[in-house]
Amino acid sequence: MPDAERPVPIIDTSRPHSARMYDWFLGGKDNYPVDWEAAEQVKSFFPQAAELARANRSFMHRASRALAQMGVRQFLDIGTGIPTEPNLHQVVQGVAPQSKVVYVDNDPIVLRHAQALLRSSDEGQTAYIQTDAREPELIIEGARKTLSFDEPVVLSMVALLHFVTDSDGAFDVVGRLLDPLPAGSCLVISHATADFDPDTWHAVVDVYRNSGTPVQVRSRAEFAKFFFGLNLIEPGIEFVTNWRPDSTAQMQDDRLPLYAGVAQK
């Protein structure tokens, strides 16, 4: 099973990478000129790109904290991205130090920084799996080494599934990841949408596709299908800033084109 102990793969700086572009939007330093150029192209079509990235990160913090406060102590975070403090384990272990977190990503630069994700509290545990979201069986196999599937697990796929197209079986991937998780487990998703400005988002999607990254934005109805058979937790499906907003979220645009939802199995 791929993990943080394997040799670091070669980082391809000849093409932009979505994780490095996201890091650039967040003001991080783990990105390259090719990523800056693509990110600037996105901003030329959608000037709120950096605000959207920050709002998405804030949603991850709020949702993870809320579920830890509900008593869930295990988290499987797929599409982790380049470490940006506070990371998910820092948020949930701040609520419950014994929490366990498994991170999953396929970007070699995330692997290079995986040690930042492995600094768990003494009472808890973190682990990192280097693999693709479209390999659910490998993810589950690796996660079982850290997490107990006899107790609820939070499956976090924040700003990930718009990078998994229908042809890659996005809905099937989510189902195969949820199937082995016990009752009481939760699904956390945020997802870009073109519902309100299709022309802009078609241009943004083209930037990613032209750099070799498949993207598929989805409507609210399509987003809701990821939660089929689950019980949505209040407030249900919302714009990312309106999902249990705190003072930071309220300062941002409340109609940023990113849906968010949390549901329980």
Side-chain angles (χ1 to χ4, degrees), residues 16-31 35-36 38-39 42-43 46-69 72 75-95 99 101-107 109-110 113-114 116-119 126 128 133 154-164 186-193 204 208 213 215 217 223 233 235 237-262:
H17 192 285
S18 58
R20 302 195 305 259
M21 290 170 64
Y22 186 65
D23 180 68
W24 187 87
F25 288 132
L26 289 173
K29 298 179 179 179
D30 292 301
N31 42 70
D35 307 306
W36 312 341
V42 169
K43 283 189 69 176
F46 181 60
Q48 294 168 295
E51 185 180 2
L52 188 73
R54 292 192 298 269
N56 180 68
R57 192 75 183 173
S58 178
F59 162 70
M60 183 275 284
H61 294 160
R62 300 194 308 276
S64 301
R65 185 179 297 110
L67 294 174
Q69 290 169 341
V72 186
F75 295 77
L76 177 56
D77 181 47
I78 303 177
T80 297
I82 295 165
T84 304
E85 291 194 356
N87 294 294
L88 190 152
H89 71 280
Q90 293 166 316
V91 172
V92 299
Q93 289 179 352
V95 176
S99 298
V101 178
V102 173
Y103 293 107
V104 181
D105 208 290
N106 68 341
D107 181 13
I109 203 168
V110 181
H113 293 282
L117 302 173
L118 300 177
R119 294 172 186 157
T126 64
Y128 179 77
V154 172
L155 174 60
S156 179
M157 306 180 80
V158 173
L160 170 71
L161 288 167
H162 40 244
F163 296 115
V164 185
C186 297
L187 176 64
V188 179
I189 309 178
S190 61
H191 197 297
T193 184
V204 170
Y208 282 94
T213 300
V215 174
V217 293
F223 177 70
I233 294 172
I237 294 172
E238 277 285 0
F239 293 114
V240 69
T241 49
N242 291 345
W243 197 95
R244 301 191 183 185
D246 55 20
S247 58
T248 301
Q250 289 168 344
M251 291 170 59
Q252 297 167 323
D253 187 337
D254 65 358
R255 282 177 61 87
L256 289 171
L258 195 71
Y259 287 124
V262 179

Can you tell me how far the [atom1] atom of [X] sits from the [atom2] atom of [Y], to the nearest 0.5 Å?
X: Thr126; Y: Asp77; atom1: OG1; atom2: CG; answer: 11.5 Å
X: Thr80; Y: Asn106; atom1: OG1; atom2: CG; answer: 10.5 Å
X: Glu51; Y: Leu256; atom1: CD; atom2: CG; answer: 5.0 Å
X: Ile109; Y: Asn31; atom1: CD1; atom2: CG; answer: 7.5 Å
X: Leu52; Y: Thr241; atom1: CG; atom2: OG1; answer: 9.5 Å
X: Arg65; Y: Asp246; atom1: CZ; atom2: CG; answer: 7.5 Å

Looking at every heavy atom in both [X] and [Y], which two are closest together, and how far apart are they?
X: Ala63; Y: Val262; result: CB-CG2, 4.1 Å
X: Ala159; Y: Ser190; result: N-OG, 2.9 Å
X: Asp23; Y: Asp30; result: OD2-N, 2.8 Å
X: Pro16; Y: Met21; result: CB-SD, 4.0 Å
X: Ala19; Y: His17; result: N-ND1, 3.0 Å
X: Val204; Y: Phe46; result: CG2-CB, 4.0 Å

Does any non-hydrogen side-chain atom of [Y] lie less than 4.5 Å from one of [X]?
X: Val215; Y: Phe163; value: yes
X: Thr193; Y: Phe223; value: no
X: Ser18; Y: Tyr208; value: yes
X: Val42; Y: Phe25; value: yes
X: Ile82; Y: Val110; value: yes

For [X], check side chain to side chain contact (heavy atoms under 4.5 Å, CB included) against everything at least two apart and list the hits.
X: Ala133; value: Ile78, Leu160
X: Leu187; value: Leu155, Met157, Val174, Leu178, Ile189, Phe227, Leu230
X: Ala66; value: Trp243, Arg244
X: Asn87; value: Arg57, Pro83, Glu85, His89, Gln90, Tyr103, Leu117

Partners of His61 by ring pair (Phe, Tyr, Trp, His ring centres under 6.0 Å), sequence neighbours excluded?
none
Whether His162 and His191 hold their rings parallel, tilted or perpendicular, with breakpoints at 30° and 60°
perpendicular
For Asp35, which residues count as a salt bridge (Lys or Arg N to Asp or Glu O under 4.0 Å) partner, sequence neighbours excluded?
Arg20
